[in-house]
Engineer: 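This is the structure I have questions about; it appears just below.
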2 protein chains.
Amino acid sequence: MSLPHAILTALLEKPSSGLELTRRFDRSIGYFWSATHQQIYRELGRLETEGYIRTLPAEQPARGQKKSYEVLPAGRAELARWTATAQEPKPLRDVMLLRLRAAAVVGTAGLEADLRRHLELHQVQLAEYEEIQRRDFPPGKDTPEDRLRHLVLRAGIDLETFWTRWLTHAIGELGELPDR
Amino acid sequence: MSLPHAILTALLEKPSSGLELTRRFDRSIGYFWSATHQQIYRELGRLETEGYIRTLPAEQPARGQKKSYEVLPAGRAELARWTATAQEPKPLRDVMLLRLRAAAVVGTAGLEADLRRHLELHQVQLAEYEEIQRRDFPPGKDTPEDRLRHLVLRAGIDLETFWTRWLTHAIGELGELPDR
DNA sequence: ACGGGTTATGCAACTAGTTGCACAAAGAGT
DNA sequence: ACTCTTTGTGCAACTAGTTGCATAACCCGT
């Protein structure tokens with residue numbers, strides 16, 4: 001149950017409309033907590049009725065009818081509470097690993113092509129993260145906020161590095177196996 | 001939609017009853033695809049009506065009434081088809097990363113303790129994987145099946161290694177930050 | 001033979017996330 | 001003026017996973 005908290009975080013970083021949030025959930029926050037616009041609109045509605053957020057007084061009343069939201073004190077308190085609450089790490093759940101395990105019993109036919117495709121996707125993602133790191137975290141930037149956000153980015157970089165290495169290794173192993 | 005395929009894989013490795021499957025989903029397969037017994041029983045029912053598995057002719061008819069299932073040819077074919085089908089990697093979704101990002105706006109109070117707790121959990125998991133590696137994959141074992149399963153285990157080991165390193169680093173960074 | 005734990009199976013309700021579609025307004029091209 | 005695309009908002013239905021509970025049999029000590 002973390003989507004509301006992801007939205008509160010995003011809105012605290014910058015008050016936004018539903019669509020703006022959707023855009024930011026396609027990058028930035030979305031890199032580790034993705035959400036579709038439908039989820040976001042639904043959740044904005046809930047957060048509003050719970051008194052955690054409110055619509056910003058519209059500058060142009062109902063013209064292009066873009067509704068912007070901001071976080072209320074209760075919302076900030078709830079986010080702080082949630083952040084400090086212990087949570088269980090959710091167990092790994094990965095389809096590719098399952099497919100490899102299945103391949104051990106039904107054969108590896110068709111697997112290698114998709115391993116290569118995934119490798120490329122992860123390489124692209126890694127490059128994107130590294131670009132963000134260059135752009136947003138040059139040596140000087142280290143306010144506490146920067147450090148925390150950089151930490152999160154580094155997790156992304158290290159994870160993508162892990163996947164590219166592992167997939168490269170897996171493709172190598174698969175090549176040595178007799179086809180079945 | 002991978003649970004049925006996880007079950008087919010498990011049943012091909014060894015025909016089992018619902019409870020035996022549940023046990024194996026607490027280790028082994030469960031390390032990368034977890035499931036509760038309720039999910040498993042429900043799915044066994046579906047797989048049976050679809051003609052992918054069948055109950056083994058009971059040795060003692062309805063005594064302790066333990067029902068064992070085995071995979072039918074159609075089930076094996078379906079698993080092979082699924083294994084060869086390209087799939088999109090699902091985007092990362094991690095609560096701890098989200099909490100760090102939230103901490104950048106509402107403060108880090110209460111975070112460090114849970115980071116330490118997670119570090120310990122990941123260290124335990126890593127040790128468990130390494131034990132399995134020692135036990136199940138000594139140098140000689142390298143039939144194709146072994147190599148594939150070892151590959152999966154290594155992904156687990158490398159992932160846990162990543163998390164322990166990253167969490168250690170994160171705890172260090174947090175220590176340097178002024179409390180808020 | 002009786003109460004208490006363990007083994008084994010399963011239903012029902014709930015929650016979170018996904019998919020598919022709908023609709024209205026604004027701007028852009030003809 | 002009039003279709004066409006884009007922007008922005010949102011509902012409804014579906015799917016997968018989780019939680020809570022129910023049931024029955026067997027096993028064990030008293």
Engineer: What is the ring orientation for A/His37 with A/Tyr41, classed by angle as parallel under 30°, tilted 30 to 60°, or perpendicular over 60°?
Structural biologist: perpendicular

Engineer: So, B/Ser28 versus A/Arg101: side-chain donor-acceptor pair below 3.5 Å or not?
Structural biologist: yes

Engineer: Thinking salt bridges, do A/Glu120 and A/Arg116 make one under a 4.0 Å N-O criterion?
Structural biologist: no

Engineer: Give each protein N/O atom lying under 3.5 Å from an N/O atom of nucleotides 16-18 of chain C, with the pair distance.
Structural biologist:
unit_1, atom_1, unit_2, atom_2, d
C/dG17, OP1, B/Arg93, NH1, 3.0
C/dT18, OP2, A/Gln39, OE1, 3.0
C/dT18, O4, A/Arg42, NH2, 2.9

Engineer: Under a 4.0 Å heavy-atom cut-off, which of residues 14-28 of chain B touch DNA chain C?
Structural biologist: B/Ser17, B/Gly18, B/Leu19, B/Arg23

Engineer: Please state how far atom CD in B/Glu48 lies from atom P in C/dT9, giving the value in whole angstrom units.
Structural biologist: 12 Å

Engineer: Rounded to whole angstroms, how far apart are OH on A/Tyr41 and C1' on C/dA22?
Structural biologist: 14 Å

Engineer: Which value, rounded to the nearest 0.5 Å, describes the distance between A/Lys14 atom NZ and A/Leu21 atom CG?
Structural biologist: 9.5 Å

Engineer: Please state whether the base of D/dG10 and the side chain of A/His37 form at least one donor-acceptor pair under 3.5 Å?
Structural biologist: yes

Engineer: Check this for me: does any side-chain nitrogen of one of B/Glu78 and B/Arg81 sit under 4.0 Å from a carboxylate oxygen of the other?
Structural biologist: yes

Engineer: What residues form a ring-ring contact (aromatic ring centres under 6.0 Å, His included) with B/Trp33, not counting sequence neighbours?
Structural biologist: none

Engineer: Under the rule for side chain to side chain donor-acceptor pair (under 3.5 Å), what residues qualify as partners of A/Arg154, not counting sequence neighbours?
Structural biologist: A/His150, B/His169

Engineer: Roughly how far, to the nearest 0.5 Å, is the OG1 atom of B/Thr168 from the CG atom of B/Leu119?
Structural biologist: 4.5 Å

Engineer: In chain order, what residues pass the ring-ring contact (aromatic ring centres under 6.0 Å, His included) check against B/Tyr69, with sequence neighbours excluded?
Structural biologist: none

Engineer: Thinking salt bridges, do B/Lys67 and B/Glu48 make one under a 4.0 Å N-O criterion?
Structural biologist: no

Engineer: Please convert DNA chain D into dot-bracket. A pair counts if it is Watson-Crick or G-U wobble with both distances under 3.5 Å; crossing pairs go in [ ] and bases paired with another strand get |.
Structural biologist: ||||||||||||||||||||||||||||||

